[in-house]
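Everything below concerns the one structure shown next.
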Amino acid sequence: MTKKEWPKEVGNMIIGVLSLQGGYAKHAESMIALGADTRYVRSREELEQVDGLILPGGESTTIGKLLDRFEMLTPLKDKLANGFPVYGTCAGMILLAKDIKGYSQFKLDALDISVERNAYGRQIESFEAEIPSSFTDTPVRGVFIRAPRITNIGKEVEVLASFEDVPVLVREGNVLAGSFHPELTDDKRIHQYFLEMVKNRADV
């Protein structure tokens with residue numbers, strides 16, 4: 001993977017992209033485009049070498065099983081509980097949720113939301129949308145592919161963006177999660193937002 005020097009304001013931190021299954025390559029490309037030192041994470045040892053982690057879209061049941069098989073599930077839970085920054089998209093958001101409607105599967109229990117899998121329709125019903133967001137002046141571009149819908153949020157969860165009055169980008173402390181795929185667009189602002197989360201954690 002091509003390495004680029006971090007911008008001075010970001011420092012020498014390393015962003016990991018969980019690469020067990022799913023659409024991890026586009027996330028890595030987005031981070032590299034922002035100048036981030038980016039690593040694929042496929043083992044417990046690699047998990048220990050990064051300062052923040054992106055959980056990509058894909059198949060949440062499969063990713064959860066692989067996290068458990070490669071003995072990363074419990075270490076990642078422990079790191080999340082200690083403030084480790086994680087950004088999950090689509091399946092990644094499902095894995096972070098405390099409640100998954102109708103499914104019992106491996107998950108990280110880190111984000112106080114309830115989600116309904118594939119609630120925006122099948123693959124053939126995928127769509128793109130401009131989504132107003134509270135952290136930027138102009139809407140962000142989102143791609144929804146078999147996207148999960150957030151059906152309930154806890155009181156500590158901040159809604160950063162909504163689509164048709166339903167939250168689609170949320171944050172609770174060190175955890176950022178979205179229903180859609182900004183990595184499939186040229187819009188890097190959400191990845192930049194996550195970089196700032198990692199930087200702010202390092203400054204504490």
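- Taking the six-membered ring for Trp and the full ring otherwise, the centers of Phe163 and Phe144 sit less than 6.0 Å from each other.
- Using a 4.5 Å heavy-atom threshold, the side chains of Leu67 and Leu18 count as touching.
- Salt-bridge annotation for Glu29 and Lys26: present, with a side-chain N of the basic residue lying under 4.0 Å from a carboxylate O of the acidic one.
- A donor-acceptor contact shorter than 3.5 Å links the side chain of Thr38 to the backbone of Ala36.
- To the nearest 0.5 Å, the span separating CZ on Arg201 from CE on Met13 amounts to 11.0 Å.
- No donor-acceptor distance shorter than 3.5 angstrom exists from the side chain of Thr62 to the backbone of Ser60, with no hydrogens or angles considered.
- Judged purely by atom type and a 3.5 angstrom limit, Arg42 has no side-chain atom pairing as donor or acceptor with the backbone of Leu20.
- Classification of Lys188 and Asp186 as a salt-bridged pair fails, no side-chain N sitting under 4.0 Å from a carboxylate O.
- Distance alone, capped at 3.5 Å, is enough to place a donor-acceptor pair between the Gln21 side chain and the Glu59 backbone.
- When atom types are taken as modelled, the side chain of Ser133 and the backbone of Ala161 share no donor-acceptor pair closer than 3.5 angstrom.
- The CG atom of Asp187 lies 8.0 Å from the CD atom of Glu130; values are rounded to the nearest 0.5 Å.
- Annotation: side chain of Cys90 is not in contact with side chain of Arg146 (no heavy-atom distance under 4.5 Å).
- Within the 3.5 Å criterion, the main-chain N or O of Asn118 finds no donor-acceptor partner in the side chain of Arg149.
- Within the model, atoms OH of Tyr193 and CG of Leu169 stand 8.0 Å from one another, a figure rounded to the nearest 0.5 Å.
- By the 4.0 Å N-to-carboxylate-O rule, Glu46 lies too far from Arg39 to be salt-bridged with it.
- A donor-acceptor pair is defined here as one N or O able to donate and one able to accept, closer than 3.5 Å; no such pair exists between the side chain of Glu116 and the backbone of Thr151.
- The shortest side-chain heavy-atom distance between Ile113 and Val157 falls under the 4.5 Å cut-off.
- With a 4.5 Å cut-off on side-chain heavy atoms, Glu156 and Asp112 do not count as touching.
- Atoms CG and CD1, from Leu184 and Ile145 in turn, are 5.0 Å apart once rounded to the nearest 0.5 Å.
- Of the residues Ile94, Val175, Leu73, the one that meets the side-chain contact (heavy atoms from CB on, under 4.5 Å) test with Leu108 is Leu73.
- Thr74 is linked by a side-chain contact (heavy atoms from CB on, under 4.5 Å) to Asp78, counting only residues two or more places apart in sequence or in another chain.
- Under a cutoff of 6.0 Å and an axis angle of 45°, Arg117 and Tyr103 form a cation-pi pair.
- Between His27 and His191, the ring-plane angle classifies as tilted under the 30° and 60° cut-offs.
- In this structure, the side chain of Lys98 does not engage the main chain of Ser114 through any donor-acceptor pair within 3.5 Å.
- A donor-acceptor contact under 3.5 angstrom links the side chains of Thr138 and Arg189, judged on distance only.
- Proximity of a side-chain donor or acceptor of Asn174 to a complementary backbone N or O of Phe84 within less than 3.5 Å is detected.
- In this structure, the side chains of Phe194 and Leu176 come closer than 4.5 Å at one or more pairs of heavy atoms.
- Residue Val198 is tested with Ile15, Val86, Leu53, Val50 for a side-chain contact (heavy atoms from CB on, under 4.5 Å); the sole match is Ile15.
- The distance from atom CG of Asp37 to atom CG of Asp51, rounded to the nearest 0.5 Å, is 9.0 Å.
- With hydrogens and angles disregarded, a donor-acceptor distance shorter than 3.5 Å links the side chain of Thr185 to the backbone of Pro182.
- Within 6.0 Å of atom CD in Glu71, 12 or fewer heavy atoms from other residues, nucleotides or ligands are found, so the atom counts as exposed in its surroundings.
- One finds the CD1 atom of Ile190 at 9.5 Å from the OG1 atom of Thr89 (value rounded to the nearest 0.5 Å).
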